[in-house]
Amino acid sequence: MNVRVRFAPSPTGYLHMGSARTAIFNWIYARQQGGTMILRIEDTDMQRSSEEMVRGIIEGMEWLGIDYDEGPYFQSDYIDKHREAVDRLLANGQAYRDFTPKEERDDAMIKRQVSEAARQGKERNPWRDLPVEESKARAAAGEPFVVRLRVPEAGSSVFEDIIYGRQERDFSEIEDLALMRSDGYPLYNLSVVVDDITMRISHVIRGQDHLMNTHKQILIYRGLGAEPPQFAHLPLILAPGREKLSKRRHGEIVSITTYRDRGFVPEAFFNFLVLLGWTPPGGEVLSRQRMLEVFRLDAIHKSNAIFNFAEGDPQSWTDPKAIWMNGEYIKAMPLDDLVPLVTGELRRAGLWQDDFDGNRREWLAQTIALLRERYRLLTDFPTLGRPYFVESLDFSYEQASIEKNLRKDPALKRLLPGLAERYAALGEFTHQTTEAALREYAAEEGVKAGLLINAARTALTGQSVGPGMFDIIAIMGHVRTVERLRHAATLI
RNA sequence: GGCGCGUUGGUGUAACUGGUUAACACGCCGCCCUCUCAAGGCGGAGAGCACGGGUUCGAGUCCCGUACGCGCUACCA
């Protein structure tokens with residue numbers, strides 16, 4: 001079978017995490033099966049739609065590296081087809097006109113009564129049985145009506161979901177849903193089905209919130225004489241506490257752009273997202289290539305995934321596992337791929353210098369290679385890594401680090417400048433020569449090398465953690481090292 | 001309210017068609033390395049599988065009920 005899947009977001013202006021994950025699973029399945037990935041914008045809700053809002057979605061997909069073979073199609077471009085389908089349903093008796101005045105339906109009191117009646121599973125819509133001729137005549141006379149699907153009285157709807165298994169629902173539980181509004185605009189359930197038929201979709205992979213809708217949609221497929229596709233419903237992504245994850249409640253954290261802006265490597269976030277609802281066999285960190293090899297739709301979980309983060313806690317502003325995952329990518333990805341990403345961050349932070357991709361091109365690569373070992377976000381390079389990229393003393397010294405490494409021993413007030421002079425006199429300035437000089441100086445002064453080494457770390461970086469000291473010195477270079485050692489003495 | 005789906009350590013999950021001391025990852029804690037660590041290496045604590053019944057020689061795995069969560073129940077998508 002020719003696999004054709006679609007990702008069908010509504011144009012909200014940004015790519016929601018949940019939507020992104022849906023897109024990812026569609027994409028993986030399409031690519032794995034050698035099928036076709038289609039992007040369709042569900043903009044039937046006209047007010048919400050605009051160019052800009054669509055762009056936000058596409059940008060998010062591009063960042064994640066999710067491409068598509070067809071589209072973007074716009075649902076609103078197919079309204080004529082939707083209406084035509086409604087006419088066919090009306091003609092073959094699968095649908096009927098409901099002339100209940102709109103105001104009456106909108107009335108809260110009546111709404112309650114109607115739902116109360118529906119609750120008791122009692123009466124069907126009376127307009128269901130209006131003779132066809134009278135129905136036509138009223139419509140022709142200009143009386144407004146909504147078109148409803150004629151759901152069978154008895155029996156049940158059954159389908160096999162690839163993920164959730166056999167689904168059965170009694171027809172008596174399914175209301176005669178509206179297909180077209182009284183203003184002539186087709187409604188969601190009708191539109192998706194018609195579009196999926198015309199786009200020859202073979203597998204509908206979407207959120208579990210549509211699981212119940214599927215019974216209705218299958219009825220529409222049948223009414224239209226079409227064979228329904230395969231369905232695979234994905235578990236939802238919930239916020240901590242198993243509550244719904246929403247932009248309103250949780251803010252920027254649900255938008256993919258947040259992750260782009262806060263230092264995530266696209267592949268890493270893609271990998272993390274894939275874990276929300278699926279466990280790959282043999283390890284959670286895996287390349288896309290590997291995903292395509294081992295992915296199985298029916299291995300997706302049934303229970304909702306929880307996106308774990310602590311509101312207000314800067315340490316875990318997002319799922320700690322996502323941050324860990326990102327660190328794994330930063331450590332393991334080819335350096336040539338990492339350098340441009342870090343370059344972007346340095347530019348954005350105003351730390352970029354022209355010779356970084358000229359004379360100091362190699363130096364930049366070495367510095368990134370050194371720092372990547374302990375960084376987990378791309379933004380760590382301009383923030384934590386600032387002392388490595390600025391020429392001057394324009395970086396801050398952590399107070400705790402000053403206490404711990406500089407003020408620990410008053411002798412450092414004298415030793416640091418002393419070390420600076422030894423270094424200033426050094427001809428060749430490398431890892432080896434600087435280490436030898438430092439150890440020699442420490443021996444002469446009768447102090448432990450570690451005292452000088454740790455003091456130097458704080459002097460050069462303002463921090464008490466970081467790479468091996470002589471690696472740092474080699475990266476900092478002769479001039480900055482001497483300057484910073486001298487300067488540090490003034491802090492004691 | 002009705003209907004549907006789900007419920008394994010703090011989190012994400014594993015455990016083939018019921019059968020060893022419930023496994024892995026993140027996080028947490030400790031130790032080691034050592035010039036430091038938010039790096040690396042090693043180890044540890046933490047669930048008896050939502051709860052209550054039942055079937056069975058034996059159940060996280062099957063059945064029933066309860067609780068909780070989520071979803072659907074619009075002339076929204």
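Here is the naming used below: chain letters follow the sequence lines, and residue numbers restart at 1 for every chain. Here the structure is a predicted model, which means the values were calculated and not measured.
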For atom [atom1] of [X] and atom [atom2] of [N], their distance in whole Å:
X: A:R169; N: B:C3; atom1: CZ; atom2: C1'; result: 5 Å
X: A:L177; N: B:A74; atom1: CG; atom2: C1'; result: 11 Å
X: A:K216; N: B:G71; atom1: NZ; atom2: P; result: 15 Å
X: A:H301; N: B:G6; atom1: NE2; atom2: P; result: 14 Å
X: A:F309; N: B:U11; atom1: CZ; atom2: P; result: 14 Å

Describe the nucleic acid contact of [X] in one word from base, sugar-phosphate, nothing, applying a heavy-atom distance below 4.0 Å.
X: A:D209; answer: sugar-phosphate
X: A:H215; answer: nothing
X: A:G468; answer: base
X: A:E373; answer: sugar-phosphate

Do other residues, nucleotides or ligands put more than 12 heavy atoms under 6.0 Å from the NZ atom of A:K413?
yes
Minimum-distance nucleotide (side-chain atoms of A:R457 versus B:A39, B:U73, B:C35)
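Between B:A39, B:U73, B:C35, the one nearest the side chain of A:R457 would be B:C35.
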Side chain of A:A178 (C-beta onward), nearest among B:U36, B:C75, B:A39
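Selected nucleotide: B:C75.
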Taking the P atom of each, how far is B:G52 from B:G60, in whole Å?
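Going atom to atom, P in each nucleotide, I get 13 Å.
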With a 3.5 angstrom cut-off on both distances, give the Watson-Crick or G-U wobble partner of B:G1, or none if there isn't one.
B:U73
Taking any strand in view, what nucleotide pairs with B:G40 in a Watson-Crick or G-U wobble way, both distances under 3.5 Å?
B:C32
Side-chain N or O of A:R181 versus OP1/OP2 of B:A74: is the shortest distance under 4.0 Å?
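Negative; the distance criterion is not met.
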Below 4.0 Å: OP1/OP2 of B:C75 and any side-chain N or O of A:R148
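So the side chain of A:R148 is within the cut-off, an N or O lying under 4.0 Å from OP1 or OP2 of B:C75.
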